[in-house]
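To keep things clear, I will list the structure first and then write my remarks on it.
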Amino acid sequence: MSKKKVIISACLLGHLCRYDGRTKGIDAIVKKFKDYEIIPFCPEAQVFGTPREKISVVKLDAKHRIITDNTNKDVTQLLKDEINSFIKLYPDADAIVLKSKSPSCGYATTPIMNKEKEVVNLGNGIAAEIFLKEYTTIKIKDELNY
Ligand code: SF4
């Protein structure tokens with residue numbers, strides 16, 4: 001019988017894929033899903049490489065956009081395309097554990113900025129937002145609650 005599949009933010013698995021080249025690896029997550037096929041997920045590293053410029057979720061004209069912190073580029077579509085391609089490869093995941101507070105992976109914990117780059121709210125990163133619409137039967141977890 002094939003194993004169940006869990007999608008996990010790659011930085012939680014010890015991959016050195018954070019914007020600054022570091023990791024946020026948590027052994028207990030790997031242990032908990034030891035009987036699953038673990039599918040690492042890091043859309044930012046796929047699109048921009050590592051290390052890379054930091055990005056943020058910014059609310060512009062009532063829409064959430066992903067904007068680079070220093071160069072002010074809108075990279076929303078690049079990330080969307082990468083995340084949608086990933087979902088096509090793994091439509092049959094059984095569980096999802098994402099990194100909290102990230103502009104890509106955060107689920108209900110990501111700082112949402114206004115155009116002055118002040119935090120106005122907490123919400124979802126772009127990947128969590130798309131996953132919610134695509135993996136409708138899976139409850140998304142993060143490293144604070146998995
Ligand atoms: Fe990659 Fe998501 Fe971790 Fe950011 S939070 S480094 S996008 S896996």
Side-chain angles (χ1 to χ4, degrees), residues 3-60 63-114 117-146:
K3 286 181 174 180
K4 285 185 173 185
K5 293 182 182 159
V6 58
I7 295 167
I8 301 181
S9 291
C11 57
L12 295 176
L13 296 170
H15 295 207
L16 298 165
C17 59
R18 302 251 307 159
Y19 73 95
D20 56 5
R22 296 185 181 180
T23 181
K24 286 279 179 179
I26 298 178
D27 291 344
I29 294 179
V30 179
K31 211 166 161 190
K32 166 151 184 183
F33 291 97
K34 67 179 171 22
D35 296 329
Y36 284 63
E37 178 187 342
I38 293 179
I39 300 157
F41 171 67
C42 182
E44 291 182 30
Q46 288 296 321
V47 175
F48 309 114
T50 306
R52 57 186 168 272
E53 186 178 349
K54 227 177 155 185
I55 57 176
S56 297
V57 182
V58 182
K59 195 171 178 181
L60 296 173
K63 286 190 181 145
H64 288 181
R65 308 296 299 177
I66 308 294
I67 309 287
T68 57
D69 281 12
N70 298 328
T71 52
N72 230 26
K73 270 194 260 170
D74 188 328
V75 294
T76 312
Q77 193 60 48
L78 286 171
L79 281 165
K80 265 189 190 169
D81 291 347
E82 171 60 31
I83 294 158
N84 284 323
S85 301
F86 175 91
I87 290 169
K88 281 200 188 105
L89 293 176
Y90 303 104
D92 54 348
D94 299 286
I96 298 173
V97 182
L98 296 178
K99 173 76 188 71
S100 67
K101 300 179 187 166
S102 150
S104 295
C105 294
Y107 175 51
T109 53
T110 300
I112 311 295
M113 315 280 196
N114 59 17
K117 303 276 173 79
E118 300 158 336
V119 178
V120 289
N121 210 345
L122 294 179
N124 298 328
I126 185 169
E129 194 65 32
I130 296 173
F131 279 9
L132 276 173
K133 291 185 186 125
E134 297 293 332
Y135 296 110
T136 52
T137 58
I138 303 175
K139 188 166 167 34
I140 294 177
K141 303 282 182 87
D142 64 21
E143 83 281 15
L144 310 170
N145 166 30
Y146 56 92

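Counting convention: from 1, in listed order, for ligands and their atoms alike.
- With a heavy-atom cut-off of 4.0 Å, Y19 does not touch ligand 1 at all.
- Those atoms of ligand 1 with a heavy atom of F41 less than 4.0 angstrom away are 8 (S).
- Among A10, C105, A127, P43, the residue whose heavy atom lies closest to atom 2 (Fe) of ligand 1 is C105.
- Within the 4.0 Å heavy-atom criterion, the part of S102 lying near ligand 1 is the side chain and not the backbone.
- Here the side chains of E44 and R52 are in contact, with some heavy-atom distance below 4.5 Å.
- Nearest to atom 3 (Fe) of ligand 1 among the protein's heavy atoms is C11 SG, 2.3 Å.
- Each of the atoms 5 (S) of ligand 1 lies under 4.0 Å from some heavy atom of K99.
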Stepwise side chain to side chain contact (heavy atoms under 4.5 Å, CB included) test for E53 and K73: CA-CA 10 Å; E53 186 178 349; K73 270 194 260 170; 5.6 Å; no
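- Side-chain contact between K117 and N72 is present, with at least one heavy-atom pair separated by less than 4.5 Å.
- Using a 4.5 Å heavy-atom threshold, the side chains of L78 and F48 count as touching.
- The number of heavy atoms from other shown groups lying within 6.0 Å of CG (D92) is above 12.
- Residue contacts with ligand 1, taken as heavy atom pairs separated by less than 4.0 Å, involve R52 solely via side-chain atoms from C-beta onward.
- Within a 6.0 Å radius of NZ in K5, more than 12 heavy atoms belonging to other residues, nucleotides or ligands are found.
- Looking at atom 1 (Fe) of ligand 1, its nearest protein heavy atom turns out to be C42 SG, 2.3 Å.
- Atom numbering of ligand 1 starts at 1 in the shown order; those under 4.0 Å from a heavy atom of E44 are 4 (Fe), 7 (S).
- The single protein non-hydrogen atom nearest to atom 6 (S) of ligand 1 is C17 O, 3.5 Å, given as residue, atom name and distance.
- Residues K4 and D35 are not in side-chain contact: their nearest non-hydrogen atoms beyond the backbone lie 4.5 Å or more apart.
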